[in-house]
Amino acid sequence: MPVTAPDSRRWKALVFIALAQLMVVLDATIVNIALPAAQSDLGISDGNKQWVITAYALAFGGLLLFGGRIADLWGRKQTFVTGLIGFALASALGGAAQNEAMMFGARALQGLFGALLAPAALSLLAVMFTDAKERAKAFGIYGAIAGGGGAVGLILGGFLTEYLNWRWTFFVNIPFAIIAAVGAVLVIREPAGGRNRSPLDIPGVLLSTLGLVSLVYGFTRAETNGWSDATTIGLFVAAAVLLFAFVAVEARVKHPLLPLRVVADRNRGGVYASLGLAVIAMFGLFLFLTYYLQVVKGFSPVKTGFAFLPMIAGMITGSTQIGARLMTRVPPRLLMGPGFLLAALGMGLLTQLTVDASYPALILPAQLLLGLGMGTAFMPAMSLATIGVEARDAGVASAMVNTSQQVGGAIGTALLNTIAASATTAYIADHAAGAGNPQLLQAQAMVNGYTHAIWWAVGILLVSATLALTLINTGVPGAGSAPAAGSGEGAEDEIKVPVVAH
């Protein structure tokens, strides 16, 4: 069949897709900086404050697969614009919140519309950029934003909280969303013939949503109530049963929510697994380094944000200058594996943290290594996650990338925080008798807890690198290589997107 020329406006479209992605990633960290001020202003109790984060995480993580399927059904452009408008309205509601119920509702709505927006954005890139070299550049930019946006959120959140007030951490989303939505309407033109108009798999929607919500909430509750809490255990059991039932249903229904062919491919499966594990380590790092700089070192929110700049610079360099340039020359596993290993080396440096550790001598080089490694690995991972999928599955394949990141973030925050808290308690118990300065003991105990958890993060990154090197076996993108053994699909960098005008 004749193939039409690529859309001449695709690079302009990338600007607005990247802007929307930046907004979603920023929101994941910007609210953390504002949480203490918002809690005080709205009278949210200590027991309920976690719901500012949890309400968003549950809606976003639980509805991502549904959002990806809606993108395939409605069309990615329409879903993208709807998600942007809804996210802006939910952000306005959050900024105007007068009580905790209004705040929690706004955060849940942000998560819902984010679950529409995120997979639509990634799948638009997948169907618009099919040339190997162009795809490398486009996903390099997207990967840099996905990796570094969280740290930018810390800077922006610090500025807004310190010099305006916490409400602006919500209101700032509105101009992002409006500009991205208007730009999308004007310049995005989705290739024809890529929709999946099959009937919606309602049992699959219910089982996946409830299963993912149970899993995310289980890890969130474990952080506050402990791993042996009866409700925590019940949530994990429910998640296992629901997700097992989901897989069983998807294997049998005619039009599944998540066609198992999307995850059965060893290359995409390798991406989802290694990326999810890497995010566990990254979320732990953001958490501990933020606490270390603010509580132990006494940095202000703004200074803490700027302290993360080397990591952002490393991620942008790794993604756009290393990953994007080498992606068309070397197999993806030789970027992802070494990238995660370099990140593990940077994480390993942070195990040497002490109360009086030097920022220039220790934290700065560790962040540069982490950023370079993660940027180099994230870029091919984002691209490979949607390579080889049929156009009708692009939305749900993109949703799986976001789901692995979201679940990884929930696991990372709960697991590593629990490890750190246990090590801190043990340190105080062991050293309390001879402590002359209680404040110094508390600081030393906190840092000891952080380093214990960071060692776990190093190990997780090493596992991530191992999975990437062993599971991912596709050849150099665009080289027209033969199908990789056991991959189930061709390894060439040609997404199966019908771009013929129908």
Side-chain angles (χ1 to χ4, degrees), residues 18-46 48-60 83-115 117-118 145-181 220 283 286-287 289-291 293-295 299-309 311-312 406 409 413:
L19 186 65
Q21 173 65 11
L22 178 61
M23 179 188 72
V24 172
V25 176
L26 283 176
D27 194 73
T29 52
I30 197 171
V31 174
N32 290 336
I33 295 286
L35 183 54
Q39 180 187 356
S40 174
D41 205 11
L42 299 179
I44 301 173
S45 68
D46 283 337
N48 285 340
K49 70 177 181 180
Q50 63 162 325
W51 283 100
V52 177
I53 307 300
T54 304
Y56 178 87
L58 293 181
F60 188 66
L84 282 167
I85 294 169
F87 201 93
L89 292 173
S91 298
L93 185 66
Q98 299 301 308
N99 52 55
E100 63 178 31
M102 194 171 170
M103 170 61 74
F104 299 158
R107 289 291 284 162
L109 283 173
Q110 278 188 310
L112 186 156
F113 287 107
L117 175 60
I145 291 170
V152 176
L154 295 171
I155 298 173
L156 191 55
F159 263 108
L160 294 172
T161 303
E162 201 164 317
Y163 298 116
L164 293 172
N165 66 50
W166 66 266
R167 296 183 184 276
W168 283 95
T169 61
F170 287 88
F171 292 145
V172 74
N173 290 329
I174 298 171
F176 276 99
I178 291 172
I179 293 168
T220 303
F283 263 69
F286 278 136
L287 182 72
L289 210 47
T290 300
Y291 277 122
L293 293 171
Q294 288 196 21
V295 178
F299 283 22
S300 69
V302 172
K303 190 176 180 182
T304 300
F306 276 108
F308 278 96
L309 276 177
M311 189 184 300
I312 300 173
Q406 186 65 24
T413 303

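All residue numbers in this chain count up from 1 along the given sequence. In what follows, every heavy atom counts, from backbone to side chain, and hydrogens, waters and symmetry copies are set aside.
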Give me the atom names and distance for the closest heavy-atom approach of L58 to W51.
CD1-CZ3, 3.8 Å
Check whether any side-chain heavy atom of R107 lies under 4.5 Å from a side-chain heavy atom of F170, and answer yes or no.
yes
Between F308 and L289, is any pair of side-chain heavy atoms under 4.5 Å apart?
yes
Would the distance check show the side chain of Q110 and the main-chain N or O of A90 forming a donor-acceptor pair, the cut-off being under 3.5 Å?
no
With sequence neighbours left out, write down each residue that passes ring-ring contact (aromatic ring centres under 6.0 Å, His included) with Y56, or none if nothing qualifies.
F60
Please, which pairs that meet salt bridge (Lys or Arg N to Asp or Glu O under 4.0 Å) have at least one residue in residues 171-181, sequence neighbours excluded?
none
I'd like to check the side-chain contact (heavy atoms from CB on, under 4.5 Å) partners of F113; sequence neighbours left out, ordered by chain and number.
F87, L109, L116
Could I get the full list of side-chain contact (heavy atoms from CB on, under 4.5 Å) partners for L89, not counting sequence neighbours?
I85
First locate atom OG1 of T169, then atom CZ of F159, and finally report the distance between them rounded to the nearest 0.5 Å.
15.0 Å
Please list all pairs passing the salt bridge (Lys or Arg N to Asp or Glu O under 4.0 Å) test where one or both residues lie in residues 85-106, with sequence neighbours left out.
none
A88: side-chain contact (heavy atoms from CB on, under 4.5 Å) partners, not counting sequence neighbours
A177
Considering non-hydrogen atoms only, spot the tightest contact between L42 and A97 and give its length.
CD2-O, 3.4 Å
Suppose the criterion is salt bridge (Lys or Arg N to Asp or Glu O under 4.0 Å): which pairs have a residue in residues 164-181, not counting sequence neighbours?
D41-R167
In chain order, what residues pass the side-chain contact (heavy atoms from CB on, under 4.5 Å) check against A180, with sequence neighbours excluded?
L19, A20, L84
State which residues pass ring-ring contact (aromatic ring centres under 6.0 Å, His included) with F299; sequence neighbours excluded, sorted by chain then number.
none
Among all residues two or more places apart in sequence or in another chain, which pass the side chain to side chain donor-acceptor pair (under 3.5 Å) test with N99?
none
For a 4.5 angstrom cut-off between non-hydrogen side-chain atoms, does I44 reach F104?
yes
